[in-house]
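Single-structure report; data block below.
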Amino acid sequence: ETGMVAFYKLSLLGTRPVVQLNNNPLKIGKLPSAGQFSPDGKHYLITDLGDREKPGRLLAIRCDFRQGGKHGLTGYASVGTNPGAFAISPDGKSVVILNKGISPSIDPPSDLSNTTSLQLIERDPVSGKLNVLQSLPYEGIAPQVVQFSEDQNMIAVLSLKVRDQEAGAIDFFRLNDSQLIPSSDL
């Protein structure tokens, strides 16, 4: 079983919309999930959720939308189990990914308090290569959203629940010298 990613071109034939496959689909892993284009549009980043035997991955696909062009895998980074949301910095050089820490193919354990993590990944905007710079445990359970500030100095993470609390939270991290620093440590 292999997951695929494909790009489509939407155009109009008179007033009728036409959808066409744009170049080649790619096999990228077992469970492809969320994806987004890099700010420069040269790469499409997508997660592969992984399974019980192997962790998830963040993959970079080179996009070539010219007639007859070929899309291709340019890089990947092994990340934690069940990667979810991720954000790409406005300059396209950094990615922060949230790992839910439980396999998408099994029932979650009753105690999720020690399974989530954040990872900071360096992205080469030219080649698309990805390199994990930092992995750190995260107190939030079921992290949902991550966002860079416009100046790329802060990252916000939204979680549905925080360990030993009933409510969710928004946590902030400072990006300093290629390291994420929790706002509580500043």
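Index from 1, following the sequence.
- Contact between I88 and P39 at its shortest, heavy atoms only, is CG2-CD, 3.6 Å.
- Identified under the side chain to side chain donor-acceptor pair (under 3.5 Å) test for residues 65-79, with sequence neighbours left out: N22-H71, D64-R66.
- Legend: residues meeting side-chain contact (heavy atoms from CB on, under 4.5 Å) with V145, ordered by chain and number and at least two apart, are L158.
- Taking CG of L58 as the reference point, atom CZ of F86 lies at 5.5 Å (rounded to 0.5 Å).
- Counting only residues at least two apart or in different chains, salt bridge (Lys or Arg N to Asp or Glu O under 4.0 Å) contacts with residues 117-136 comprise D40-R123.
- Side chain to side chain, Y138 and N99 fail the donor-acceptor criterion of an N or O pair below 3.5 Å.
- Side-chain contact between L118 and S135 is absent, with no heavy atoms from C-beta onward closer than 4.5 Å.
- Taking CG from L73 and CD1 from I61, the interatomic distance works out to 6.5 Å, rounded to the nearest 0.5 Å.
- Judged as a side chain to side chain donor-acceptor pair (under 3.5 Å), and not counting sequence neighbours, the contacts of Q179 are Q134.
- Under the side chain to side chain donor-acceptor pair (under 3.5 Å) criterion, S178 pairs with no residue at all, not counting sequence neighbours.
- Evaluation of the salt bridge (Lys or Arg N to Asp or Glu O under 4.0 Å) rule for D91 yields no partner, not counting sequence neighbours.
- Annotation: side chain to side chain donor-acceptor pair (under 3.5 Å) contacts of D151 (sequence neighbours excluded): S149, N153.
- Counting heavy atoms from C-beta on, the side chains of I97 and P83 come closer than 4.5 Å.
- Residues passing the side-chain contact (heavy atoms from CB on, under 4.5 Å) test with S94, sequence neighbours excluded: S89, L120, F148, L175.
- Annotation: the span from T81 atom OG1 to L49 atom CG amounts to 10.5 Å, rounded to 0.5 Å.
- The shortest distance between side-chain heavy atoms of V96 and L180 falls below 4.5 Å.
- Evaluation of the side chain to side chain donor-acceptor pair (under 3.5 Å) rule for D48 yields no partner, not counting sequence neighbours.
- Contact annotation: the side chain of V18 never approaches that of L12 to less than 4.5 Å [non-hydrogen atoms, C-beta and beyond].
- With a 4.5 Å cut-off on side-chain heavy atoms, V95 and L45 count as touching.
- Taking the six-membered ring where the residue is Trp, F7 and Y44 present perpendicular rings, their angle passing 60° and hence far from 30°.
- Between the CD1 atom of I170 and the OG atom of S159 there is a distance of 9.5 Å, given to the nearest 0.5 Å.
- In this structure, the separation between CD on Q119 and CG on L130 is 11.5 Å, given to the nearest 0.5 Å.
- Taking the side-chain contact (heavy atoms from CB on, under 4.5 Å) definition, one finds that L21 meets it with A6, Y8, P25, sequence neighbours left out.
- Under the 4.5 Å side-chain heavy-atom criterion for grouping Ile, Leu, Val, Met, Phe, Trp and Tyr, V146 is connected to L136 within one hydrophobic cluster.
- The main-chain N or O of F172 is found under 3.5 Å from a side-chain atom of S183 such that the two form a donor-acceptor pair.
- Counting only residues at least two apart or on different chains, no salt bridge (Lys or Arg N to Asp or Glu O under 4.0 Å) pair has a member in residues 8-21.
- Not a single donor-acceptor pair under 3.5 Å links the side chain of R57 to the backbone N or O of I46.
- Residues meeting the salt bridge (Lys or Arg N to Asp or Glu O under 4.0 Å) test with D177, sequence neighbours left out: none.
- Contact check for V157 versus L98: side-chain heavy atoms found under the 4.5 Å cut-off.
- Side-chain contact check for Q36 versus H43: every heavy-atom pair is 4.5 Å or farther apart.
- Residue Q152 qualifies as enclosed at atom CD: its count of foreign heavy atoms under 6.0 Å is above 12.
- Distance alone, capped at 3.5 Å, places no donor-acceptor pair between the S38 side chain and the G92 backbone.
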